[in-house]
Amino acid sequence: MTTIPNLIFLDTNVYLIGVVEQECAECQILKWLGWETQANEGVEVVISEELIDQISRVAKRLKNKDWAGEIIGRIWQKLQARYVQIDDSALAIIESQGVIPREDLGVYLTAKEGQAQCFVSANHKLIRILAQETGEFECLTPSEFVSKYLT
């Protein structure tokens, strides 16, 4: 049997899609982590201020600030979260290398600083870049994660 990573980074899109679409891979991942019940012991999600800000910004744009607050509150209340701080100098160094798109630097560094073993995102372009250029962690789409670890 495949060993499930115990430190997982979920990109912004996983949280937002998973809350909206009940029959998708993103929702399966959130439920498995404890989104509707109790947290899945032994599995942590890596988060940072950057990720929380992104979730808040996009959720407000899609629906409203209350919905954004509900999602963020549920992350803190229901999931086992590992919070990491991102150093601005680290952002500048990674940005100067020009490998990772600027808009994705914060999420990449969140996963890196949190020592995530698996990076899950519906952003296929970002997944490809991270897998090819850094090789620091396993990079999967939500469907790939569900197929590999949850079925």
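For the residue pair I86 and G106, the shortest heavy atom distance occurs at CD1-O, 3.3 Å. C24 approaches G18 most closely through the heavy-atom pair SG-CA, 4.2 Å. The minimum heavy-atom distance between E138 and P5, with the atom names listed, is OE1-CG, 4.4 Å. The heavy-atom pair separating R74 from W35 by the smallest distance is NH1-O, 2.9 Å. Scanning both residues, Q115 and L7, for their nearest heavy atoms gives O-CD1, 3.4 Å. When every heavy atom of N13 is checked against every heavy atom of A122, the shortest pair comes out as OD1-N, 2.9 Å.
Remark: side-chain polar atoms of T151 are paired, donor with acceptor, to backbone N or O of S147 under 3.5 angstrom. Although no hydrogens or angles enter the test, the distance criterion places no donor-acceptor pair under 3.5 Å between the side chain of K63 and the main chain of A68.
Rounding to the nearest 0.5 angstrom, the gap separating the OG1 atom in T141 from the CG atom in D11 is 12.0 Å. Here the OG1-CG distance, from T110 to D104, works out to 11.0 Å after rounding to the nearest 0.5 Å. With rounding to the nearest 0.5 angstrom, the CG atom of D66 is 11.5 Å from the CD1 atom of I71. Remark: E144 CD to C118 SG distance equals 9.5 Å, nearest 0.5 Å. With rounding to the nearest 0.5 angstrom, the CZ atom of F9 is 12.0 Å from the OH atom of Y108. Atoms CD1 and NZ, on I29 and K31 in that order, are 12.5 Å from each other to the nearest 0.5 Å.
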- Query: Which is it for E49 and Y83 under the side-chain contact (heavy atoms from CB on, under 4.5 Å) test, yes or no, and what are the steps along the way?
  - Reply: CA-CA 8 Å; E49 182 178 349; Y83 184 84; 3.4 Å; yes
Carefully, step by step, assess E113 and R82 under the rule side-chain contact (heavy atoms from CB on, under 4.5 Å). CA-CA 10 Å; E113 295 299 316; R82 174 180 285 197; over 6 Å; no
Please determine whether side-chain contact (heavy atoms from CB on, under 4.5 Å) holds for the pair I75 and L51, giving the CA-CA distance in whole Å, both sets of side-chain angles, and the decisive distance to 0.1 Å.
CA-CA 11 Å; I75 291 169; L51 178 68; 5.8 Å; no
List the steps and the verdict of side-chain contact (heavy atoms from CB on, under 4.5 Å) for Q80 and V43. CA-CA 7 Å; Q80 293 290 320; V43 180; over 6 Å; no
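Inter-residue side-chain proximity for V20 and W67 is flagged as met; some heavy-atom pair is nearer than 4.5 Å. The side-chain heavy atoms of L109 and E50, taken from C-beta on, include no pair separated by under 4.5 Å. Side-chain contact between I4 and W32 is present, with heavy atoms from C-beta onward closer than 4.5 Å. Residues F145 and I8 have side chains in contact (heavy-atom distance under 4.5 Å, counting atoms from C-beta outward). Considering only heavy atoms from C-beta on, V107 stays 4.5 Å or farther from N123 through its side chain. With a 4.5 Å cut-off on side-chain heavy atoms, C27 and E23 do not count as touching. The shortest side-chain heavy-atom distance between E26 and E21 does not fall under the 4.5 Å cut-off. In this structure, Y15 and V45 have side chains that are in contact, with non-hydrogen atoms separated by less than 4.5 Å.
Cluster membership for I17 and I55, using ILVMFWY side-chain heavy atoms within less than 4.5 angstrom, is not shared.
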